[in-house]
Student: 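Got a structure for you, written out below as structure tokens; questions coming shortly.
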2 protein chains.
Amino acid sequence: MSQHRPPGAPERPVAVPALPDLPEATVARLPEYLRALHNLAENGHDTVSSEWLATAAGVNSAKLRKDLSHLGSYGTRGVGYDVALLIDQIEYVLGLTQRRTVALVGVGNLGHALAGYDGFATRGFRIAALFDADPVRVGEEINGLVVRHVDELSRVATEESIAIGVIATPAAAAQRVADRLVAGGVTSILNFAPCVLSVPDGVDVRKVDLAVELQILSFHEHRKASLTALPAVGEAPLTPLPGNLAATDPQEAIGT
Amino acid sequence: MSQHRPPGAPERPVAVPALPDLPEATVARLPEYLRALHNLAENGHDTVSSEWLATAAGVNSAKLRKDLSHLGSYGTRGVGYDVALLIDQIEYVLGLTQRRTVALVGVGNLGHALAGYDGFATRGFRIAALFDADPVRVGEEINGLVVRHVDELSRVATEESIAIGVIATPAAAAQRVADRLVAGGVTSILNFAPCVLSVPDGVDVRKVDLAVELQILSFHEHRKASLTALPAVGEAPLTPLPGNLAATDPQEAIGT
DNA sequence: CGCGATTTGTGCGTGTCTTCACAAGCGCTT
DNA sequence: AAGCGCTTGTGAAGACACGCACAAATCGCG
Ligand SMILES: NC(=O)c1ccc[n+]([C@@H]2O[C@H](COP(=O)([O-])OP(=O)(O)OC[C@H]3O[C@@H](n4cnc5c(N)ncnc54)[C@H](O)[C@@H]3O)[C@@H](O)[C@H]2O)c1
Ligand SMILES: NC(=O)c1ccc[n+]([C@@H]2O[C@H](COP(=O)([O-])OP(=O)(O)OC[C@H]3O[C@@H](n4cnc5c(N)ncnc54)[C@H](O)[C@@H]3O)[C@@H](O)[C@H]2O)c1
């Protein structure tokens, strides 16, 4: 991807002197634009209108234009955006011009899936090390990488200049792991464990929690059901009346 | 969890007549509060102050109080919130008083991890069916569930009153799967495939994209590096100068 | 060379979210 | 029974995000 421009051209129409400080909401959308742009590039498009790109990314076109305007003016009025150029710009801003190294900690159920995920490599990242605490797992080879013991984490993170740490251990171990990552100089962490991490200033943590996503969906289900209250969908005993909260709760022990 | 109250008590101090319409931002935080509350309950606390709970959930205490105030007044001034009561309230609002059924589509790398995840069961959900298109996988038994062919998806979803569909197929197949889920009456979808889904009004889609998370972290890394430009941390060749954009990109085909 | 069709970039009104700061309320102690 | 310390619930202000709508810019065509 993105070997546009004839090899011997004068090049560098690009001009991003310093990083503009983008609204956080914009930053969160840029990866989506980037993905859509890569799809377009594959399909042979070399320019795209804000309308088209916005649709492909699932957002409002005005929002998209405003987002892109924060990077500078890389569109052409009456024409649209140059796909290849825009890819370069977004990749530059996101810091994807250098492939970032990732350390994955916790090679269990989820960790295995992540370790084998090619979306890492194809979108700007390289898994450089795997760690686990379980002696059985240590030494195992996955995708050409040998699982190391978590005691080596800080040292290896420093040595290999790990940029991002991914935590896929049980919640109980997550804080300890985070501490070791920080000790190893890692300043960005992606946390899959359902717990809040406390880290020093300057360290960014993002959290992905499957159960949270499901619970948000559950809320909307609940909401939809309570609106359709009269028609009685038949989907659920929909109880908007308070009185059986604990009654409908034969489950127990929602643990750490 | 949540068998508080002596079995023979008069009970029902609870009073949530109808679903208040909560700000979306609040809804997104409630699951986090709920998790923190369950932890507290396990550790034997029966009341908690907004300050404490806010810290446990990683948010500002004023924000937490405002969030909870949307559910009604379930705190006691000078004391705090009753942990058990608050758990019931949040679970009620999130619609977790009935266990929601989940269908998982795409039992590959990631799907296997999800199917084996106990966080589903412990936090209000039940995987009721697994689907895949690969004949090799169909028939496989995972955790007591037999993988069915995706052609059965719509029918089974209807029959089993599936509340939430989880898509863990390649991006190319995701839209088709979403269509079948919708056809089966599913109105909530959690999508792990990196693509936008188009669904009818009334259907909620949430997306989890690992690469997006990493790219957001990458942006902040880039940002931090460009701020520390002079001190030259030694962590990376930090190139704030544009000039090697396409040069560092020998990868290709990020595809549908 | 000029005109019309097209599409970007953005000023501005609107709504949502966050945060501060404090009055009101509760329980405990004296 | 009154006072005191503590914590909730919320009004108001500020910050942020969104989306409309349009002027400015560009291209293609006659
Ligand atoms: N499996 C899923 O689909 C899924 C989905 C969302 C979130 N999660 C979360 O991801 C985390 C991992 O889930 P899982 O299903 O892979 O669990 P798992 O038990 O299968 O794997 C956890 C791994 O972490 C290792 N580990 C434990 N303590 C460690 C430590 N101190 N240092 C390094 N490694 C350590 C274990 O040896 C094990 O290999 C959990 O917090 C879980 O809640 C899992
Ligand atoms: N593996 C990860 O860690 C990870 C992380 C984030 C996102 N994802 C995304 O999740 C999705 C799945 O990833 P994966 O690594 O498990 O891939 P995978 O190839 O291992 O699994 C995909 C599964 O989907 C099945 N499938 C294909 N077409 C189907 C269809 N039409 N209907 C039903 N099933 C179908 C395949 O048979 C296969 O079993 C991908 O979109 C990937 O980008 C994966």
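All values below were derived from every heavy atom in this structure, side-chain atoms included, with hydrogens, water molecules and symmetry-related copies excluded. Below, chain A is the first sequence line, B the second, and so on; all start at residue 1.
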Student: Under 3.5 Å, is there a donor-acceptor pair between the Ser188(B) and Glu221(A) side chains?
Tutor: yes
Student: Could you state the atom-to-atom distance from CZ of Arg65(A) to C1' of dA17(D) in whole Å?
Tutor: 16 Å
Student: Under 4.0 Å between a side-chain N or O of Thr76(A) and OP1 or OP2 of dT26(D)?
Tutor: no
Student: Figure out the CG/C1' separation between Asp82(A) and dT26(D), and round it to whole Å.
Tutor: 15 Å
Student: Please determine, for the side chain of Arg77(B), which listed nucleotide (dC18(D), dT8(D), dT26(D)) has the closest atom?
Tutor: dT8(D)
Student: Once you apply a heavy-atom cut-off of 4.0 Å, does Glu51(A) come out as touching a base, just sugar-phosphate, or nothing?
Tutor: nothing
Student: Checking only heavy atoms, does the side chain of Lys66(A) share a donor-acceptor pair with the base of dG19(D) at less than 3.5 Å?
Tutor: yes
Student: Here's a test of your reading of the structure: between Pro23(A) and Ser73(B), which maps to the more 5' nucleotide of DNA chain D?
Tutor: Ser73(B)
Student: Parallel, tilted or perpendicular: which one describes the rings of His45(A) and Trp52(A), with boundaries at 30° and 60°?
Tutor: tilted
Student: Any side-chain N or O of Tyr81(B) below 4.0 angstrom from OP1/OP2 of dG9(D)?
Tutor: yes
Student: Looking at Arg176(B), I'd like to know if its CZ atom is crowded, meaning that more than 12 non-hydrogen atoms belonging to other residues, nucleotides or ligands lie closer than 6.0 Å.
Tutor: no
Student: Quick one: does Lys224(A)'s side chain have a donor or acceptor within less than 3.5 Å of a partner on Thr187(B)'s backbone?
Tutor: yes
Student: Rounding to an integer number of Å, can you tell me how far His70(B) NE2 sits from dT8(D) P?
Tutor: 16 Å
Student: Rounded to the nearest angstrom, tell me the gap between atom CH2 in Trp52(B) and atom C1' in dC6(D).
Tutor: 18 Å
Student: Going 5' to 3' along DNA chain C, which nucleotides are the first and last within contact of chain B (any atom under 4.0 Å from a heavy atom)?
Tutor: dC17(C) to dG27(C)
Student: Round to a whole Å and report the spacing from CG of Leu53(B) to C1' of dT8(D).
Tutor: 13 Å
Student: Please report the interatomic distance CG(Leu30(B)) to CZ(Arg35(B)), rounded to the nearest 0.5 Å.
Tutor: 13.0 Å
Student: Check the distance between dA15(D)'s P and Glu24(A)'s CD and give it to me in whole angstrom.
Tutor: 18 Å
Student: How close or far is atom C1' of dA13(D) from atom NZ of Lys63(B), stated in whole angstroms?
Tutor: 17 Å
Student: NE2 of His38(A) to CG of Leu34(A): how many Å apart, nearest 0.5 Å?
Tutor: 5.0 Å
Student: Could you verify whether a donor N or O on one side chain and an acceptor N or O on the other, from Thr26(B) and Asp67(B), lie under 3.5 Å apart?
Tutor: yes
Student: Consider the side chain of Ala62(A), meaning its heavy atoms from C-beta on, and name the nucleotide among dC20(D), dC27(D), dT10(D) that approaches it most closely.
Tutor: dC20(D)
Student: Rounded to the Å, how far apart are Leu71(B) CG and dT10(D) P?
Tutor: 12 Å
